[in-house]
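See structure below.
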Amino acid sequence: PLVKRVEFHFVDDSNGGGGSGGQVRMTSSNLAELPRWLFRYAQNVMSGAEEGENTTAIEEDGDGCGIVGVLLDGLLPVIRTEEKEYRMSVQQHQESNGADNRDETNATSAVNRADAFLRHHPFASPSSSGSLVSYLMSEVSSLVAHVLRRRGYVRQLSSRTPAEAGAKALMEGIEQCLRFDVFAQEIISGELDQRTGMNCFKNGITLKLLLESPPLLDLWIDMDRRTGLDSLRDATILVPKSEAIVPLSPLAETYAALIASTLTKSFALKGSVGTKRKYVAGTAVPLTTYFMDCMHEAASSFRDDMHRAAGRRSGEMDLDALLVNLQDWLTLICGMGLAILALESSPSNSTTTMTVPPAPDTTVKSPTTRQTPMPMTPFTPASQQVLIAQTPDTRGAFRSAGATPGGQDQDLLRLSQSLFKLRDAMIDEYSSTLVETVLMERCGFAGYFMTAPHRLMGDAMGNVILSSRKGGAASNMPSTSKELERPLGVLLSILDQLCMVHSSNDKAGPARHSPSRKQIALIDNAVTAVMTNVGNRIEEKFEELATDPSGTIPEIQRSGALQLLADVQLMHAMFDSVTAVINDVPEENLTHTNTKPEGIFGSLVLLVRLMAADDNQIQSLRDGLYGLAADSMPHLSPGMMNHIPSQPFETDGTLYETARSMLESKGFGGIELEDAILVLNRRKVKSASAAEALGRL
């Protein structure tokens, strides 16, 4: 009946033999409106809804539910009853003839034939309501595709003049096809879970239409690409600061909306891998490339602004401009995070929650185990980044959802990886400029590291001034180096700004300005990433000073080590406090006073504490490790007791574990053995008396 009605309304040119007057019907003459009328009619018949009602609302009682209701409430019970009765009859026949092996074999064959019939039935499983609905919607899609084919919909509209009018009508027709496919998926998902329902309906009307007319696919791709690029060109990167401290970039929001629409459309083509990949390559890739080029250009501009704010000399620095520049960078980084979310939220990899791009790991490893970051290089144009993107990153929604994407999703994964790389490059570029240009050059931080080796060796130009306790008595811990005052002042302003962004981000404001949960997560993620990257870069400079890989500090005096410890502990406490604010950790839970510090500067604090340990601890560890090495190297000269060889610990695993246990017992278990040996070999202790030296020998 549905086929006859559809042919009557949408295929026949007039009332013909069934009616009077032979009047031409509007539904069969207006090609531009044909898809909308045809699909609306099919939806209403399927769901039983009147015009304007929700066509996906299938009532439980079946009254007025259309064909779907008849199928579920009428046909499905009949199929289940027939299936049950058929199986019972076969079983009874088998039991009544159980003594006859031949009859038993025949009965078993009958059961197997019945199971095979049910298994290969077009419904897949007749007792499943979801399979029935899925089969029905697939047949209805074939029916409407037949109508469009019979009417020559694509051919006639393609030949219309002017061509723009025909192209516009075709695009509106594809939109109606997509809407009908969504309707079919929603109907099926009402009887199945959402993911299964979407996967059952793979050959919708959109794919059928595009496969039958390849030029229409090319036209669709071209129109979507051009309209998307026009929308991106009209969007700005920044918004006025008065609206929010760190607003989302309008360009990023536009890209997120466009890419979400693009991925939803591409999912309707999932039944043909080649068609889907062609659509993604023609739309998502150009949109992403243009977006990345715009963001890269903005990052270069912000970097130049940062150099201008830093000035050529320390006295010319504009701190307020630096803080405004920080907000611009955070807007850019948040925009990249939003773009990654949108790109990874493909329907084929959908999850119940969206995964925010992760910030760099804030757990700082020991100096020898942490990998050295790649040297800074100029930004690579986004168009090249898309082409050179290699193996997809394991971060993001694709992997967190537990999905194993096929070849058709590898294109999206490569785009996502390119966005990740550009976002990380932005964070690195800001942090590098802040540390190397602003702090090291303009604020004189480089001068501190030039004089620090002299302080460690106890030279005259590196005199250490001990701070005074209450009552005038000198303490064992010196005050912070004067060379740190200027760079720490600027660094504290930057960190305070990050904390203020986080705090203002969490506060509820007016409805128009109040950020969403997603925006809060993006901003906090950007704040954490910037703070961690800056902290790690500064820590690496102190690590190079402490471990001395170039060998420029042959010996370490305890007074100089105490000065370095005071400076490192101050840096650790400062970053620890900022981390606590960003992570909403109470101040009493800060770890910078613990024996095993954590976070940025945590492992370095422990290493410098070993450098500043008293002479007895240093001598005890040195003698113990030397004794372990001497046991495996009998030829070792007693005159080398002040130099611990590292070779025995590298070749003997048991010896290595024993040495590690020795460090652990002294409270220095968090230090790598190689670093501990380097410190112990360079640390100077007071000369022992003859009796003590004889006892050591």
Side-chain angles (χ1 to χ4, degrees), residues 236-242 245-247 249 295-333 373 375-379 425-455 461-462 479-502 504 526-527 529-542 544-545 567 570-571 574-575 577-578 600:
T236 59
I237 294 179
L238 298 178
V239 296
K241 299 296 186 299
S242 58
I245 289 185
V246 182
S249 168
M295 299 296 272
H296 158 255
E297 184 179 353
S300 300
S301 175
F302 294 162
R303 179 186 55 194
D304 295 339
D305 294 342
M306 198 172 183
H307 281 285
R308 283 191 293 269
R312 295 185 177 181
R313 291 181 293 274
S314 177
E316 299 176 357
M317 182 178 297
D318 187 347
L319 185 57
D320 292 336
L322 280 176
L323 299 181
V324 172
N325 179 262
L326 171 60
Q327 295 183 13
D328 293 342
W329 278 98
L330 291 176
T331 299
L332 212 60
I333 296 169
M376 290 297 299
T377 57
F379 283 165
M426 289 178 178
I427 297 172
D428 287 339
E429 188 69 17
Y430 173 80
S431 303
S432 174
T433 305
L434 176 66
V435 174
E436 301 298 337
T437 302
V438 178
L439 297 181
M440 295 293 289
E441 296 181 12
R442 304 297 190 270
C443 296
F445 210 3
Y448 170 84
F449 291 101
M450 292 178 62
T451 59
H454 298 280
R455 284 192 294 272
M461 67 176 299
S479 58
T480 306
S481 301
K482 291 184 177 180
E483 292 91 339
L484 290 179
E485 291 180 1
R486 175 62 175 166
L488 282 185
V490 175
L491 181 60
L492 276 173
S493 298
I494 297 293
L495 296 179
D496 286 344
Q497 183 71 11
L498 292 175
C499 293
M500 186 183 69
V501 168
H502 167 78
S504 301
V527 168
V530 170
M531 184 271 296
T532 303
N533 200 302
V534 171
N536 287 341
R537 287 178 179 276
I538 297 176
E539 183 184 8
E540 287 165 8
K541 296 188 176 297
F542 279 94
E544 185 177 357
L545 176 63
D567 298 339
L570 175 63
M571 301 295 294
M574 185 169 60
F575 279 99
S577 300
V578 175
I600 303 173

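Values reported hereafter were calculated over all heavy atoms of this structure, with side chains retained and with hydrogens, waters and symmetry mates removed. What you are looking at is a predicted structure, and each value in this text was computed from that prediction instead of being measured.
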* Could you walk me through whether Tyr448 and Arg455 pass the side-chain contact (heavy atoms from CB on, under 4.5 Å) test, one step at a time? => CA-CA 10 Å; Tyr448 170 84; Arg455 284 192 294 272; 3.0 Å; yes

* Structure fact -> side chain to side chain donor-acceptor pair (under 3.5 Å) filter on Ser481, not counting sequence neighbours, yields Gln563, Asp567

* **Shortest non-hydrogen separation from Ser432 to Arg537 and the atoms involved** => N-NE, 3.7 Å

* Which pair of non-hydrogen atoms, one from Ser493 and one from Leu323, has the smallest distance, and what is that distance? -> O-CD2, 3.7 Å

* Taking only residues two or more places apart in sequence or in another chain, which ones pass side-chain contact (heavy atoms from CB on, under 4.5 Å) with Ala446? -> Met440

* Structure fact -> Interatomic distance, CG@Leu330 vs CZ@Phe302, rounded to 0.5 Å, equals 10.5 Å

* Residues that Tyr430 engages under ring pair (Phe, Tyr, Trp, His ring centres under 6.0 Å), provided they are two or more places apart -> Trp329

* To do: Tell me, please, which residues at least two apart from Asp305 pass salt bridge (charged side-chain N to carboxylate O under 4.0 Å, His left out).
  => Arg308

* Asked: Who are the salt bridge (charged side-chain N to carboxylate O under 4.0 Å, His left out) partners of Glu544, not counting sequence neighbours?
  -> none

* Do the charged groups of Arg312 and Glu441 touch, with an N to O distance under 4.0 Å? -> no

* **side chain to side chain donor-acceptor pair (under 3.5 Å) partners of Ser431, counting only residues at least two apart** => Asn533

* What are the two closest non-hydrogen atoms of Thr236 and Leu238, and how far apart are they? -> OG1-O, 3.2 Å

* Are the side chain of Thr451 and the backbone of Gly447 linked by a donor-acceptor contact shorter than 3.5 Å? -> yes

